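Read the structure below first, then the notes.
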Protein chains: 2
Amino acid sequence: MSKTHPNVIADHLEEMILEGTFADNDRLDEVQLAKRFSVSRTPIREALQRLTQAGLAERIPRRGVFVRQPGAIELLEMFEVMAELEAAAARFAAQRISDAALKELVDTNEECERALQDKDADRYYRANERFHQIIYAQSGNSFLEAEATRLHRRLKPFRRLQLRLRGRLRQSMSEHESILKALSDGDPETAANVTRQHIAVQGDKFHHLIATLKTAAE
Amino acid sequence: MSKTHPNVIADHLEEMILEGTFADNDRLDEVQLAKRFSVSRTPIREALQRLTQAGLAERIPRRGVFVRQPGAIELLEMFEVMAELEAAAARFAAQRISDAALKELVDTNEECERALQDKDADRYYRANERFHQIIYAQSGNSFLEAEATRLHRRLKPFRRLQLRLRGRLRQSMSEHESILKALSDGDPETAANVTRQHIAVQGDKFHHLIATLKTAAE
DNA sequence: AGTCAAGTTTTTGTATACAAGGTCTACGCA
DNA sequence: TGCGTAGACCTTGTATACAAAAACTTGACT
């Protein structure tokens, strides 16, 4: 592998962790990674620190850094917070969204629809992601946008799971419609509530999630 | 200064930045800090990286790291998000709070009251902080608790300002009462809304905030 | 055989050396 | 005098050397 910058290394490792290349509690060996990326330990340590800061790994003093995959409970907690952040973004967006963005949102949702009919999961995920990203941006709050994006990214590998969990994509689509309506109506409360419901994982789905996680782990 | 660990150094620098020891855009000189803390540049660089990750400073490649004090807009954005996180915590807490915690919350609020009557600002701030911390914890979501605490900490130096901004502490106290009532009633919606109002900086206060910031900067 | 301890090896953490790019000064030239 | 540029000087970024702590191995003793 060619010599590369620490940020790139961190991105790379982050990607690997998020994609599940490493198992939970795997140790990230500094010299091994140094060889792997053809750099010295110094930039590797920098990258590892970034990962620990992001919560993707944990550094135990004098023992090393270990990847930290979230368990079922932590995952639920993260989804709960995600739901609130998205709800907040939708609340603000209902008051602040531009006509252009609203149109873009409609287009994106139609793209979702088409991808769904074509059974093109990949395209659906991309469009879905853009749908949410537009709402973050239209919250008119770049700090919120950044935080939401960060958490969204962190949860990305589990989104697929969440969708399967929710049952059918159909329902997700109709929720999008409700969000869209609330936004174009300029109704912050409804926008927030509908969005929260859209993201949240509640009640009986909890057990389903745990079961799915266990299956995935084996 | 005695030789100390990078985390301690980072905490120290963080404290200094938050307390306003450094001005915006000040460069954090590696060798200077190394001398100051009697360590080599390596642990200093680690500490600086932590600061940049936390958003308290920015690293410009090949130029150094510079402290980033939030401007008025960013500050408002952060308060907006803080309001939403607190509202979310209150929403969950209304459903999950324990009797013991509820009692503790009442006690803490009374402590606020007493401190207010004694005009003991310091004690008031401590009690106020505990009040909010209890709500975070009682959200029953440790991820949310951690995120809220993180942002709370970041906004700490501006809270004083926010209170002055809101007018009188009296109002803050009566808002606490409303929150308390909603929590003991187990009413999530009200708890969330009241809390959001409690934290939020809206409308005309905006200009006031900017003016106050400018004064503080001179 | 099992356990404990001393020594060896491995690994992290810190210091220092070196390389590469950026800044600043001083001098030449219009 | 003002501007541009060459070169010295700093500063950051990376590699390597060294120190200290943990893990592992081996062997002695019960």
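Atom set for the values below is all heavy atoms of this structure, side chains included, hydrogens, waters and symmetry mates excluded. Proteins get letters first, then strands, A, B, ... in listed order; numbering begins at 1 in each. Values in this document were obtained by computation on a predicted structure and should not be read as measured data.
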Pair up each side-chain donor or acceptor in residues 65-74 of chain A with any protein partner under 3.5 Å, not counting sequence neighbours, and list the distances.
{"residue": "A:Gln69", "atom": "NE2", "partner": "A:Ile17", "partner atom": "O", "Å": "3.2"}
{"residue": "A:Gln69", "atom": "NE2", "partner": "A:Phe22", "partner atom": "O", "Å": "3.3"}

Sequence neighbours excluded, which residues qualify as side chain to side chain contact (heavy atoms under 4.5 Å, CB included) partners of A:Leu18? A:Glu14, A:Leu56, A:Pro157
Counting only heavy atoms and a strict 4.0 angstrom limit, can you tell me which residues of residues 44-63 of chain B come near DNA chain D? B:Arg45, B:Arg59, B:Pro61, B:Arg62, B:Arg63
Taking side chain to side chain contact (heavy atoms under 4.5 Å, CB included) as the test, write out the residues that go with B:Gln53, two or more places apart. A:Arg50, A:Gln53, B:Gln49
Using rotation axes that map the C1' atoms of four end pairs onto the next four (five pairs an end), what angle separates the end axes of the helix from C:dA1-D:dT30 to C:dA30-D:dT1, to 10°? 0°
Mind checking what makes side chain to side chain contact (heavy atoms under 4.5 Å, CB included) contact with A:Ala93, not counting sequence neighbours? A:Ile135, A:Gln138, A:Leu183
Does OP1 or OP2 of C:dT11 have a side-chain N or O of A:Arg41 closer than 4.0 Å? no
Less than 4.0 angstrom from a charged side-chain N to a carboxylate O is my criterion; do A:Arg123 and A:Glu111 meet it? yes
When you compare the protein's N or O atoms with those of nucleotides 6-9 of chain D, which come within less than 3.5 Å of each other, and at what distance?
none

What residues form a salt bridge (charged side-chain N to carboxylate O under 4.0 Å, His left out) with B:Asp107, not counting sequence neighbours? B:Lys103
Identify, with sequence neighbours excluded, every residue that meets side chain to side chain contact (heavy atoms under 4.5 Å, CB included) alongside A:Asp122. A:Asp120, A:Arg126
With sequence neighbours excluded, give me every salt bridge (Lys or Arg N to Asp or Glu O under 4.0 Å) pair touching residues 87-96 of chain B. A:Glu80-B:Arg96, A:Glu84-B:Arg91, B:Arg91-B:Glu189
For C:dA15 and B:Ser40 - does any side-chain N or O of the residue sit under 4.0 Å from the phosphate oxygens OP1/OP2? yes
Scan residues 137-148 of chain B for pairs that pass salt bridge (Lys or Arg N to Asp or Glu O under 4.0 Å), counting only residues two or more places apart or in two chains. A:Arg150-B:Glu147, B:Glu147-B:Arg150
How would you list, by chain and number, every residue that makes a salt bridge (charged side-chain N to carboxylate O under 4.0 Å, His left out) with B:Glu15, sequence neighbours excluded? B:Arg153
